[in-house]
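Convention: sequence-line order gives letters A, B, ...; per-chain numbering from 1. Values below: all heavy atoms of this structure, side chains included; hydrogens, waters and symmetry mates excluded.
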There are 2 protein chains.
Amino acid sequence: MREKLEKYYSFVFEKELIDEIVQVGVYKKLRENEILVDLGDKMKGIPLLLEGAIKIVREDKNGEEILLYFLERGDTCASSFASAISNGKCGIRATAEKESEIIFLPKEKLDEWMLKYKSWRNFVIESYNIRLNEMMETIDSLAFMNMSERLYKYLTDKAQIMRETSLNTTHQDIAYDMHTSRVVISRLLKQLENEGKIKLHRNKIEILEF
Amino acid sequence: MREKLEKYYSFVFEKELIDEIVQVGVYKKLRENEILVDLGDKMKGIPLLLEGAIKIVREDKNGEEILLYFLERGDTCASSFASAISNGKCGIRATAEKESEIIFLPKEKLDEWMLKYKSWRNFVIESYNIRLNEMMETIDSLAFMNMSERLYKYLTDKAQIMRETSLNTTHQDIAYDMHTSRVVISRLLKQLENEGKIKLHRNKIEILEF
DNA sequence: ATTATTTTGTGATTTACATCACTTAATTTA
DNA sequence: TAAATTAAGTGATGTAAATCACAAAATAAT
């Protein structure tokens with residue numbers, strides 16, 4: 001745990017803070033598709049992502065989903081931070097897209113560290129900024145792009161987060177994330193394949209052009 | 001300035017902090033439609049809204065707009081905070097929807113106060129949370145609602161922010177905010193009128209049902 | 001190996017919204 | 001007061017995406 005913490009966070013956190021994190025943080029390994037945070041959960045702390053990829057989705061009353069963004073190593077979940085500090089509920093679901101490793105930080109420390117460590121203050125603010133910007137990008141996609149453009153962005157974004165050039169996924173799963181139907185995704189994927197940007201296989205999409 | 005500050009912020013900030021704000025804050029009155037923050041601006045501080053209503057919009061490369069959310073008294077612009085602290089650019093435009101009053105806080109103080117005042121830390125975190133939640137609501141609207149529902153939500157939300165039951169606006173302005181065409185808005189408004197939810201006038205929309 | 005299940009492909013149809021083209025009404029300006 | 005401008009109403013048509021219905025592969029289960 002200390003090793004990975006130092007690998008990804010030594011440029012972010014002071015040494016003393018890393019020491020504290022090692023002491024109070026709870027290491028956890030997440031299986032693929034394991035739910036880390038669910039709708040309405042009250043967070044008792046926040047996760048710091050050491051390795052892997054986490055998908056953050058929003059769900060409405062009818063159980064329909066829309067992807068908000070992905071987290072990768074070095075990220076934290078700003079929504080949890082909010083929820084942890086204010087004792088409020090979390091409006092999102094966080095699912096491990098692949099096996100991941102996190103450190104869970106107890107909420108009691110969150111405010112304490114704000115006083116003690118400038119690097120922590122920066123990290124918190126920076127995390128919120130990144131998340132606000134991701135949300136704006138999501139809004140841009142929904143408001144300004146058509147399905148084909150959104151789909152291509154989805155594929156390339158996800159490939160980057162997963163650090164792979166092929167994605168192991170079904171058309172139906174993509175449709176859930178993008179809040180559309182499988183038929184639409186299948187047709188647009190075929191179109192992207194014809195344009196030479198991707199190559200389709202069963203349960204797998206190769207991305208040829210980034 | 002002190003008077004309004006105490007009126008809306010005395011339950012939020014410690015007395016000492018209010019004193020400091022009075023000392024270093026710059027009071028500014030905004031005319032209707034005055035631009036407070038524009039795309040790409042580098043913020044030298046953040047605005048604290050004393051009175052009025054501010055519209056926050058996102059713009060894409062083609063100059064097309066989409067409304068993100070409104071600010072009202074007691075709010076601050078989290079996006080500016082981000083930009084001010086990190087010296088980065090602001091990805092939004094903020095326009096006064098009606099005559100408004102703000103206090104501009106210089107960025108040098110922002111981090112200093114994080115150390116000194118717990119109420120300030122809470123306020124900053126709380127502001128980010130509110131903004132994240134507003135963005136999620138915007139995403140919900142775009143992803144899950146049809147135009148008619150979005151329009152009705154737009155009207156009632158805006159009426160609430162403006163503290164009026166009628167809005168002085170044109171169909172075209174609404175179309176800009178919602179990133180659609182005037183024709184579509186006119187038709188849907190007529191429909192809402194037939195349902196008895198609103199009453200249409202030239203340059204004015206009365207909301208009959210909230 | 002045969003059957004069942006999951007995944008993908010594809011035609012046909014519907015619908016919400018976008019776009020075009022033009023009219024009517026209200027308001028402002030000359 | 002007439003002309004110009006701005007705001008709103010409305011028919012016709014186009015189009016992206018949603019929905020329905022079913023077929024064809026690929027894979028998993030028996």
Between the protein and nucleotides 20-23 of chain C, list every N/O to N/O distance that falls short of 3.5 Å.
none

Protein-nucleotides 24-26 of chain C N/O pairs closer than 3.5 Å?
none

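Identified under the ring pair (Phe, Tyr, Trp, His ring centres under 6.0 Å) test for residues 21-42 of chain B, with sequence neighbours left out: none. Sorted by first and then second residue, the salt bridge (charged side-chain N to carboxylate O under 4.0 Å, His left out) pairs with a member in residues 83-95 of chain B read B:Asp38-B:Arg93, B:Glu59-B:Arg93, B:Glu65-B:Arg93; sequence neighbours excluded. Every pair passing salt bridge (charged side-chain N to carboxylate O under 4.0 Å, His left out) that includes a residue from residues 159-174 of chain A is listed here, sequence neighbours excluded: A:Glu72-A:Arg163.
Residues forming a ring-ring contact (aromatic ring centres under 6.0 Å, His included) with A:Tyr152 (at least two apart in sequence, or on another chain): none. Remark: A:Asn194 pairs with no residue by the side chain to side chain donor-acceptor pair (under 3.5 Å) rule, at least two apart or across chains.
Across residues 164-173 of chain A, A:Thr170, A:His171 each have a non-hydrogen atom less than 4.0 Å from an atom of DNA chain C (numbered order). For the segment residues 135-142 of chain A, no residue has any heavy atom less than 4.0 angstrom from an atom of DNA chain C.
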Side chains of residues 200-210 of chain B: which donor-acceptor pairs under 3.5 Å do they make with residues two or more places apart or in other chains?
residue, atom, partner, partner atom, Å
B:His201, NE2, B:Glu206, OE1, 2.7

Please table the atom pairs, donor to acceptor, closer than 3.5 Å between any side-chain atom in residues 43-55 of chain B and protein atoms at least two apart or in another chain.
residue, atom, partner, partner atom, Å
B:Glu51, OE1, B:Tyr8, OH, 3.2
B:Glu51, OE2, B:Arg73, NH1, 2.9
B:Lys55, NZ, B:Asp177, OD1, 2.9

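Terminal axes of the helix from C:dA1-D:dT30 to C:dA30-D:dT1 (five pairs each, C1' rotation axis) are separated by 30°, to the nearest 10°.
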